[in-house]
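Here's the structure we're looking at; comments come further down.
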Amino acid sequence: MTQEIPVATYWWQVTAALPTGRDTREYYVLRRQWADHTTNARKSSRGYNRWGNEDNMTPSLFQIWAVFPDPEAMRGFLSAAGVEVQGKLRSVTWAYSHEEATGPAGKKLIADIVIHFVDNEGPGILVLEVKRPGNHPTKADTHKLSGYTNLRSVRKIARRHGAFLVGAKSAARAAALSSIYPVMTWDEMWLLQMVAAEEHLSPVTLPWIDRAYARYGIGEAGAPASVGSGEHGDESAIQAIRLMNLPARELNFLLGSECVEAFLAGHCPPPPLPWLKGAKSMEEMCDRSLQETWVRRIIRWGPDWSPQQEPRDP
């Protein structure tokens, strides 16, 4: 008997690294994914709200980097992806599913992850072609990476890199496709996040990073015990986390982790942050087809992005 795939009612049910507010880059970067009616439609087999597929796994795990307060935490990741960081890493920003027109007749490319970084030598770009474990890259994906690193929005930046992010069993195949593009596995990114977390984050946060990967079959970490008096993600857990003396990014990651755990256990946790109350359901968002083409083409990874470029929530 095929196990039923959990489908989220609200976007925050499947995101551990919750943004610190509605007007943050992190919020709009995630909204690009969860408000996309073309991938999250009722009858779609993919989508941010369907647990375990690529649209869900990519932001769920990569967004953990947003928990780190210091861009230097991503030095190891960038190096593993073929970037030679020069001096201090001053900023790292990214966006998912960046869409750009590439020619006439509506031709377009949609890059899985575009990362903009600034170090002592200036700006650089790293673009990732992502495959969840079990999905294998093909030669066409190397052509995509070539296209991503030559998008009009990135051509003015001299240092442009591309890399694969794939399951461990696909690493050799990805490496054989091209000698130009480095290959990173989800397992390696997990290790790099854990190494960075040991230096930059509180010890209470580390087991939840392990758990985030284990939910997708990477590692075998069980869920840490809820800090509340009842189930994961309930009001007692939310209140207990809010009393912790931790930075907002980490507090939100703990709140989000509890909620994801509750969702996968079949519970419906309350919104863990006040500004999440009253959020529209994903089904309603998709039925209304609210994400227009121009919204998908906002350069959210860029240094000039601001919330004023975005349409407001309905």
Exam field: side chain [X] to backbone [Y], donor-acceptor pair closer than 3.5 Å:
X    : Y    : answer
D234 : E231 : yes
K108 : T102 : no
D112 : V130 : yes
T20  : A248 : no
T149 : S146 : yes
D55  : Y48  : no
N49  : V7   : no
R32  : S97  : yes
T15  : L18  : no
Q193 : F77  : no

Checking side-chain polar atoms at under 3.5 Å, does [X] have a donor or acceptor matched by the opposite partner on [Y]?
X    : Y    : value
S226 : E258 : yes
Y216 : S60  : yes
R31  : Q291 : no
N120 : R90  : yes
Q308 : S306 : yes

4.5 Å side-chain heavy-atom contact, [X] and [Y]:
X    : Y    : answer
S153 : R297 : no
D210 : W190 : yes
W11  : M285 : no
S257 : R211 : no
V92  : L89  : yes
Y213 : I64  : yes
Y10  : W34  : no
N135 : S170 : no

For [X] and [Y], work out which heavy atoms get closest and say how close.
X    : Y    : result
S236 : G230 : OG-N, 3.5 Å
A163 : A81  : CB-O, 3.9 Å
V227 : A237 : CG2-O, 3.8 Å
L273 : P19  : CD1-O, 4.0 Å
I298 : P311 : CD1-CD, 4.4 Å
S178 : T142 : CB-CG2, 3.9 Å

Item to check | From CA spacing to verdict: side-chain contact (heavy atoms from CB on, under 4.5 Å), W208, E261 | outcome: CA-CA 10 Å; W208 278 113; E261 203 63 37; 3.8 Å; yes
Take the angle between the ring planes of [X] and [Y] and call it parallel below 30°, perpendicular above 60°, tilted in between.
X    : Y    : result
F68  : W65  : tilted
F263 : W51  : tilted
Y96  : F62  : perpendicular
F117 : H161 : tilted

Next on the checklist: Could you go through V127 and I113, starting from their C-alpha distance and side-chain angles, then the distance that decides it, and tell me whether this counts as side-chain contact (heavy atoms from CB on, under 4.5 Å)?
Outcome noted: CA-CA 6 Å; V127 187; I113 307 177; over 6 Å; no
Out of curiosity, does [Y] fall in the hydrophobic cluster containing [X] (side-chain heavy atoms, cut-off under 4.5 Å, transitive links)?
X    : Y    : answer
I115 : I180 : no
V114 : M184 : no
V118 : W301 : no
Y27  : I299 : no
V260 : V29  : yes

Next on the checklist: Pair M57, I218 - check side-chain contact (heavy atoms from CB on, under 4.5 Å), show working.
Outcome noted: CA-CA 12 Å; M57 182 178 182; I218 301 171; 3.7 Å; yes
Looking at [atom1] of [X] and [atom2] of [Y], how far apart are the two atoms once the value is rounded to the nearest 0.5 Å?
X    : Y    : atom1 : atom2 : answer
D119 : E72  : CG    : CD    : 9.5 Å
K280 : T9   : NZ    : OG1   : 15.0 Å
T185 : L191 : OG1   : CG    : 9.0 Å
H98  : I110 : NE2   : CD1   : 10.0 Å
N53  : T58  : CG    : OG1   : 8.5 Å
M244 : T205 : CE    : OG1   : 8.5 Å

Checklist entry - Yes or no on side chain to side chain donor-acceptor pair (under 3.5 Å) for S202 and E250, after CA distance, side-chain angles and deciding distance? => result CA-CA 8 Å; S202 166; E250 283 193 76; 4.5 Å; no
Run the salt-bridge test on [X] and [Y] with the 4.0 Å N-O cut-off and return the result as yes or no.
X    : Y    : value
R296 : D36  : yes
E310 : R312 : no
E84  : R159 : no

Item to check | Worked verdict on W94 versus E26 for side chain to side chain donor-acceptor pair (under 3.5 Å) | outcome: CA-CA 9 Å; W94 59 85; E26 290 78 15; over 6 Å; no
Next on the checklist: Could you go through E54 and K131, starting from their C-alpha distance and side-chain angles, then the distance that decides it, and tell me whether this counts as side-chain contact (heavy atoms from CB on, under 4.5 Å)?
Outcome noted: CA-CA 7 Å; E54 200 169 286; K131 300 292 182 186; 4.0 Å; yes
Checklist entry - Got more than 12 heavy atoms from elsewhere within 6.0 Å of CD, Q86? => result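 For Q86, atom CD is crowded (more than 12 foreign heavy atoms under 6.0 Å).
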Next on the checklist: Walk me through whether E129 and Y181 qualify under side chain to side chain donor-acceptor pair (under 3.5 Å).
Outcome noted: CA-CA 10 Å; E129 173 65 17; Y181 300 116; over 6 Å; no
